[in-house]
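Data block below; observations after.
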Amino acid sequence: MKEKKKRDGKRTAALVLIILFMAGQILTAEGKRPEEKMSAEVTVPAAGYLLAGREEEKEENSTNIQLYARSAVLMDADSGRVLFGKNENEPMPMASTTKIMTCILALENGNMEDMVTVSAYAAGQPKVHLGMREGQQFRLEDLLYSLMLESHNDAAVAIAEHIGGSVEGFAAMMNQKARDIGCFDTCFITPNGLDASATDKEGKRKVHSTTAKDLARIMKYCIEESEKKEEFLEITRTQSHFFSDGEGRGSYSCNNHNAFLSMMDGALSGKTGFTNNAGYCYVGALRRDGKTFVVALLACGWPNNKNYKWSDTRKLMGYGLENYEYRDVYEQTKLEPLPVEGGVPGSGRPYDEAYVKISMKEPEQELRVLLKEGEAVEKKIQLPKALTAPVESGSEVGSVKYYLDGDLIGEYSIVADQDVERMDFRWTIGYIWSLYAL
């Protein structure tokens, strides 16, 4: 009898200790504040490429391209990344390169079979012009060829008035579209790019202008992102177009003046421009070997230097083709199990620590990035030091992010591979009961 009482006493003491331990575990898990579980971030070089931030590597990989243009950009049209820039964020007049925005807005908002009636204001635009008369009517599509092949200023105004109700209304549409696609250093006042300035509601003087970076971004939108990109390319690549006015009384012909189209294999599109303030300007696109580049040039010479823009364009396009290749920078990431505070251990014993296996969701496609030799891709693994139970299988617990030049280029979720139950009162009672039963 004494031995039985002694065993029962020991069992009771053991159960009390277990209950106290479990209660402590539960209170710890429930009272843990989220900020106490600090996240850990590990930065490593991705796919064998150099880790950014080393000054000697930056100096060795610096680019020194001599250009005539005062402002220039070479852009990867797939990602929007600037591969080369010269004063690329400085606002400058852009002349008739403006018309790529006029064209894409007309394609997106107009019916190509619409008849456009010419106003006195449109008919009065200076050269270069189609020579339209007040009251004449033209198909909208024909005017877009006039706009882009011959750069007719009267066609631009007629299109703007038809689509926007007025030049001012259309300019508002142009500026809104610029903001929508991330061009915040651009100010459109006219649809044709003639030098212009205006005073806004706050009394601030604005000039019709953009930056080389924004201009390249607009061309990227026209050829890569717009739902009317194919129509835009068809118009801007056409060599000649013939049409009549609405009554069939006048015949007109337009010829493409974008010499770049026959300069380099893979030339896609482009638009020239010139005004006294802007100088010669150009924006063009090229696609070759799976790579698509956009070049934007502002203030690229004045009269007697008409061909500077072609020299600069070829130089920048050649640099992109020769130095950049697509590489898959994605790599599998080995991840260790994470501790789970207040969780039921896999062993089922409350004195052991609970862990959860984790893994990264595999991408559906390669993470292809246009890189030149020596460029750096960073991979950052973001995980908490511990999770709090319960943990549900498939729930996101962290991420793996890839960066190039500080810009996020890829992100993948890290998920829990299993459920981890919380060591709550119900589980504790069940565990104690199992011990007592034994």
Side-chain angles (χ1 to χ4, degrees), residues 94-174 177 188-196 208 218 222-223 226-259 261-262 269-275 281 283:
M94 65 288 208
S96 287
T97 60
T98 296
K99 289 166 181 160
I100 65 171
M101 179 64 91
T102 302
C103 181
I104 202 66
L105 280 180
L107 287 169
E108 291 178 348
N109 294 279
N111 184 326
M112 294 302 100
E113 297 302 318
D114 278 355
M115 297 305 295
V116 177
T117 301
V118 179
S119 69
Y121 181 65
Q125 292 299 299
K127 291 183 178 180
V128 176
H129 56 70
L130 180 65
M132 52 178 61
R133 302 182 306 277
E134 181 182 0
Q136 255 187 313
Q137 290 190 322
F138 294 89
R139 274 195 331 139
L140 178 59
E141 184 178 31
D142 291 330
L143 289 184
L144 290 180
Y145 283 97
S146 170
L147 175 80
M148 298 305 290
L149 273 57
E150 292 281 358
S151 200
H152 289 145
N153 292 317
D154 49 359
V157 172
I159 292 167
E161 292 176 335
H162 179 76
I163 300 295
S166 66
V167 167
E168 293 75 17
F170 191 74
M173 293 173 65
M174 298 171 83
K177 175 63 76 173
F188 288 111
I189 297 175
T190 73
N192 49 28
L194 293 176
D195 294 328
H208 186 88
I218 296 168
C222 292
I223 67 170
S226 172
E227 60 183 10
K228 297 295 183 177
K229 60 186 179 183
E230 295 302 328
E231 290 87 342
F232 178 87
L233 287 171
E234 181 179 353
I235 290 172
T236 57
R237 297 176 71 177
T238 297
Q239 288 301 315
S240 58
H241 182 74
F242 303 90
F243 62 97
S244 300
D245 62 8
E247 296 182 353
R249 294 181 180 179
S251 296
Y252 303 87
S253 64
C254 297
N255 297 300
N256 201 322
H257 293 273
N258 181 12
L261 292 176
S262 59
S269 180
K271 185 70 190 75
T272 58
F274 173 81
T275 66
C281 302
V283 58

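Residue numbers start at 1 and run along the sequence shown. Computed from a predicted structure; not experimentally measured.
- Of the possible polar contacts, one joining the T102 side chain to the P191 backbone as a donor-acceptor pair under 3.5 Å is found.
- Checking side-chain atoms of N256 against main-chain N and O of T236 turns up a donor-acceptor pair under 3.5 Å.
- Between E161 and S119 the shortest heavy-atom distance is OE1-OG, 2.6 Å.
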Trace of the side chain to side chain contact (heavy atoms under 4.5 Å, CB included) decision for M101 with F170 | CA-CA 11 Å; M101 179 64 91; F170 191 74; over 6 Å; no

Taking it one step at a time, do M148 and I100 satisfy side chain to side chain contact (heavy atoms under 4.5 Å, CB included)?
-> CA-CA 8 Å; M148 298 305 290; I100 65 171; 3.9 Å; yes

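- In this structure, E108 and K177 have side chains that are in contact, with non-hydrogen atoms separated by less than 4.5 Å.
- Rounding to the nearest 0.5 angstrom, the gap separating the CG atom in L144 from the CD atom in E234 is 11.5 Å.
- In this structure a side-chain-to-backbone donor-acceptor pair under 3.5 Å is missing from D154 to Q125.
- Side-chain polar atoms of H208 and T98 form a donor-acceptor pair below 3.5 angstrom.
- Ring orientation note: the planes of F138 and F243 are nearly perpendicular, at an angle over 60° on the 30°/60° scale.
- Atoms CG and CG, on L130 and L147 in that order, are 11.0 Å from each other to the nearest 0.5 Å.
- Taking NE2 of H162 as the reference point, atom CG of N109 lies at 10.5 Å (rounded to 0.5 Å).
- A distance of 14.0 Å separates NZ in K229 from CG in L107, rounded to the nearest 0.5 Å.
- A 4.5 Å side-chain heavy-atom check between L233 and I223 finds at least one atom pair inside the cut-off.
- With rounding to the nearest 0.5 angstrom, the CZ atom of R249 is 8.5 Å from the CZ atom of R133.
- K99 and S151 share a donor-acceptor pair across their side chains, judged by distance under 3.5 Å alone.
- Scanning both residues, D245 and Y252, for their nearest heavy atoms gives N-CE1, 4.2 Å.
- With values rounded to the nearest 0.5 angstrom, S146 atom OG is found 7.0 Å from I159 atom CD1.
- C254 approaches L149 most closely through the heavy-atom pair O-CD2, 3.9 Å.
- With sequence neighbours left out, the side-chain contact (heavy atoms from CB on, under 4.5 Å) criterion links Q137 to M115, T117.
- At a threshold of 4.5 Å between non-hydrogen side-chain atoms, the residues M132 and L143 count as touching.
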Is there a side chain to side chain contact (heavy atoms under 4.5 Å, CB included) between L105 and I163 once you walk through the steps?
-> CA-CA 8 Å; L105 280 180; I163 300 295; 5.6 Å; no

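- Shortest non-hydrogen contact noted between S96 and K271 is O-CG, 3.4 Å.
- Closest non-hydrogen pair, L261 versus S269, comes out as CD2-N, 3.9 Å.
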Run the side chain to side chain contact (heavy atoms under 4.5 Å, CB included) check on L140 and N111 step by step: do they pass?
-> CA-CA 7 Å; L140 178 59; N111 184 326; 5.8 Å; no

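- Counting only residues at least two apart or in different chains, salt bridge (Lys or Arg N to Asp or Glu O under 4.0 Å) contacts with residues 137-150 comprise E113-R139, R139-E141, R139-D142.
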